[in-house]
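Working notes for the structure below.
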Amino acid sequence: MKIDEKILKEIETCVRCGYCQAYCPTYQATRHEGYNARGRMQLAKAVMNGDDISDLFRTRINQCLLCGSCSEHCPPGVHIPEIAERLRCALNEKYGLTAVGERMRKNITESGNVNGDEQKNRLLWLANLSEKYNVKINAKAEYLYLPGCVSSLYPSSYAVVQSFVGLLCISGTDFTVLGENELCCGYPLFIGGMESEAKSVARENVKCVKELGIDKIVTTCPSCYYMWKHHYPELLGEETGLKVIHGVELLAELCENGKLHPRELNETVTYHDPCDLGRKSGIFESPRKILTSIPGITFKEMRKNRVDAVCCGGGGNLESNDPVLSGKVSALRISQAAETGATTIVSCCQQCRRTLQSGARTTRTRIKVADITELLFKLCEE
Ligand code: SF4
Ligand code: SF4
């Protein structure tokens with residue numbers, strides 16, 4: 001298997017101290033050594049030394065959430081998500097794509113989105129949006145809003161894009177969407193070990209935005225945000241020249257500038273930090289500023305918050321690779337939310353919303369799950 005020197009050295013840096021164990025969601029959900037960073041690094045060392053454990057190894061690497069929680073607490077600073085991403089690439093090169101990987105590649109490169117839907121369906125969410133909200137499509141505007149594949153194409157997630165668009169209209173923000181011209185950002189390809197395909201998607205997406213003549217992108221998806229902001233310049237070998245922000249940053253600014261006025265909400269609310277937005281991008285304060293500024297709200301932190309937040313179970317393509325394990329992790333996170341006594345858990349990610357909703361349902365926990373856009377829109381809508 002071809003692995004570059006830097007990654008081999010990183011793998012060797014693991015001293016087997018085990019500090020990562022307490023912070024790894026897949027270990028916490030399984031209590032099995034092979035599911036934490038130390039176990040994964042030991043398997044990697046064995047494979048590098050010629051042991052024939054490829055099936056087990058590949059499964060464990062594909063079960064990593066790439067959440068980065070282990071790396072925050074690793075004394076020598078082994079960067080597990082990067083290692084796992086490189087190993088996924090090397091495994092794909094040596095053994096070909098898994099069935100899940102092949103489906104994802106086909107969907108994104110042939111249909112333009114993660115679930116292989118028809119691109120014209122990307123605007124179905126507009127059908128039941130009130131006519132008072134005017135949405136420009138493929139037009140010149142200050143911001144280009146990219147909802148991402150999940151919010152655009154999964155009816156259960158339409159609320160995120162509808163609420164965000166409603167808030168932009170209420171606040172008088174000038175924006176446009178691409179509709180059927182929006183392509184997947186390529187993040188599922190990148191983290192699935194398909195770097196060259198991800199690079200082609202990145203190139204195409206940047207070209208499309210530049211042709212529209214817009215230089216500000218806002219997205220409500222933390223993975224799109226992370227991909228555009230951090231991986232596109234790396235993959236393309238140059239800065240994109242685009243200002244990329246997450247929707248929650250813009251909403252915090254609009255609340256602060258008096259462009260949005262939420263009504264009172266007498267509820268106890270907790271907040272879940274999405275990994276790509278929080279730990280990986282350092283955006284912790286904007287959502288908390290919004291929530292604590294809502295009159296009447298009681299805000300309670302979970303004991304694992306900010307850099308210590310536990311993944312919702314939806315990271316690293318785990319929901320596609322191992323839905324059962326993904327469900328166990330989301331149940332773990334829901335139990336931490338329930339400990340706070342909150343009646344609503346809020347996040348800033350359509351995928352966290354989906355996995356946490358499913359965790360609440362399977363554990364029969366009486367807690368509402370909402371994206372921050374939904375919560376705010378309900379309180380600002382006239
Ligand atoms: S904390 Fe870091 S060095 Fe220690 S076992 Fe985990 S990955 Fe290895
Ligand atoms: S990235 Fe997350 S799931 Fe993967 S080994 Fe680290 S803590 Fe565990």
Side-chain angles (χ1 to χ4, degrees), residues 3 6-49 56-91 187-188 190-193 222-223 226 230-231 272-281 302 304-333 336 349 351-352 355-356 359:
I3 310 275
K6 181 181 160 262
I7 297 297
L8 281 175
K9 270 197 195 130
E10 278 259 337
I11 294 170
E12 288 300 330
T13 311
C14 171
V15 292
R16 289 188 289 166
C17 63
Y19 280 115
C20 49
Q21 192 162 288
Y23 301 96
C24 175
T26 54
Y27 174 79
Q28 295 301 319
T30 59
R31 301 282 163 183
H32 189 293
E33 174 70 15
Y35 287 80
N36 67 25
R38 176 170 67 180
R40 291 185 170 111
M41 291 308 97
Q42 293 318 297
L43 288 173
K45 284 182 194 178
V47 169
M48 302 311 146
N49 290 330
L56 176 73
F57 175 57
R58 193 173 201 186
T59 303
R60 293 293 177 265
I61 293 301
N62 284 340
Q63 285 166 325
C64 176
L65 291 153
L66 311 178
C67 68
S69 174
C70 48
S71 304
E72 287 293 329
H73 301 277
C74 170
V78 181
H79 199 257
I80 308 298
E82 194 191 345
I83 295 174
E85 283 158 12
R86 302 318 309 162
L87 289 171
R88 287 180 183 187
C89 264
L91 286 159
Y187 193 57
F190 182 78
I191 63 175
S223 301
Y226 192 66
H230 302 285
H231 288 309
H272 166 77
D273 292 276
C275 304
D276 288 332
L277 190 69
R279 193 164 32 245
K280 289 179 164 181
S281 301
M302 282 185 264
K304 300 266 192 179
N305 62 71
R306 294 184 169 83
V307 285
D308 288 333
V310 173
C311 178
C312 67
N317 293 346
L318 185 65
E319 205 195 359
S320 307
N321 288 325
D322 188 340
V324 175
L325 181 57
S326 169
K328 285 182 184 168
V329 176
S330 62
L332 178 72
R333 190 56 170 158
Q336 293 172 355
C349 170
Q351 181 62 8
C352 295
T355 40
L356 292 171

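What you see is a predicted model; the values in this text were computed from it and never measured. Each ligand, and each atom within it, is numbered from 1 in the order the structure gives. Sequential numbering from 1 along the given sequence is applied to the chain's residues.
At the top of the distance list for atom 8 (Fe) of ligand 2, counting protein heavy atoms only, stands Cys24 SG, 2.4 Å. With respect to atom 3 (S) of ligand 1, the closest heavy atom belonging to the protein is Val15 N, 3.4 Å. Nearest protein neighbour of atom 2 (Fe) of ligand 1, counting heavy atoms only, is Cys74 SG, 2.3 Å.
Ligand-side atoms of ligand 1 in range of Arg38: 5 (S), range being under 4.0 angstrom from any heavy atom. Taking every non-hydrogen atom of Cys17 and a distance limit under 4.0 Å, the qualifying atoms of ligand 1 come out as 1 (S), 3 (S), 4 (Fe), 5 (S). Here is the list of ligand 2 atoms found below 4.0 Å of a heavy atom in Pro25: 7 (S). Each of the atoms 3 (S), 4 (Fe) of ligand 2 lies under 4.0 Å from some heavy atom of Leu65. Residue Gly18 has at least one heavy-atom neighbour below 4.0 Å for each of these atoms of ligand 1: 4 (Fe), 5 (S). Atoms of ligand 2 found under 4.0 Å from any heavy atom of Arg40, numbered from 1 in the order shown, are 3 (S), 4 (Fe), 5 (S), 8 (Fe). Ligand 2 places these atoms under 4.0 Å from at least one heavy atom of Ala37: 5 (S).
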Requested in this report: Show the numbers, then the answer: is there a side chain to side chain donor-acceptor pair (under 3.5 Å) between Glu33 and Gln42?
Outcome: CA-CA 10 Å; Glu33 174 70 15; Gln42 293 318 297; over 6 Å; no
Report task. Show your reasoning for whether side-chain contact (heavy atoms from CB on, under 4.5 Å) applies to Arg88 and Ile61. Result -> CA-CA 7 Å; Arg88 287 180 183 187; Ile61 293 301; 3.7 Å; yes
Query - Residues Cys24, Tyr35; criterion side-chain contact (heavy atoms from CB on, under 4.5 Å); working and verdict - result: CA-CA 8 Å; Cys24 175; Tyr35 287 80; 5.6 Å; no
Requested in this report: Might you work through the side-chain contact (heavy atoms from CB on, under 4.5 Å) test for Cys312 and His272, ending with a clear yes or no?
Outcome: CA-CA 8 Å; Cys312 67; His272 166 77; 3.7 Å; yes
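Residue Ala309 comes nearest to Arg333 through the heavy atom pair CB-NH2, 3.6 Å, listed as atom of the first residue, atom of the second, then distance.
At a cut-off of 2.8 Å, Cys67 is not counted among the residues with an N, O or S atom near atom 8 (Fe) of ligand 2. The distance from atom 8 (Fe) of ligand 1 to the nearest N/O/S atom of Cys14 is under 2.8 Å.
A salt bridge is defined here as a Lys NZ or Arg NE, NH1 or NH2 lying under 4.0 Å from an Asp or Glu carboxylate O, and Asp276 with Lys280 meets this definition.
A donor-acceptor contact shorter than 3.5 Å is absent between the side chain of Gln21 and the backbone of Gln28.
Aromatic ring pairs are classed by plane angle as parallel below 30°, tilted from 30° to 60° and perpendicular above 60°; the pair His231 and Phe190 is tilted.
Taking 4.5 Å as the limit, every side-chain heavy atom of Leu65 sits out of range of all side-chain heavy atoms of Cys275. Side-chain contact between Lys6 and Arg86 is absent, with no heavy-atom pair separated by less than 4.5 Å.
Closest heavy-atom approach to atom 4 (Fe) of ligand 2 within the set Cys64, Ala29, Cys311: this belongs to Cys64. Ranked by closest heavy atom to atom 6 (Fe) of ligand 1, the top entry among Gly39, Cys20, Pro76 is Cys20.
Ligand 1 is never approached by Met41 to a heavy-atom distance shorter than 4.0 Å.
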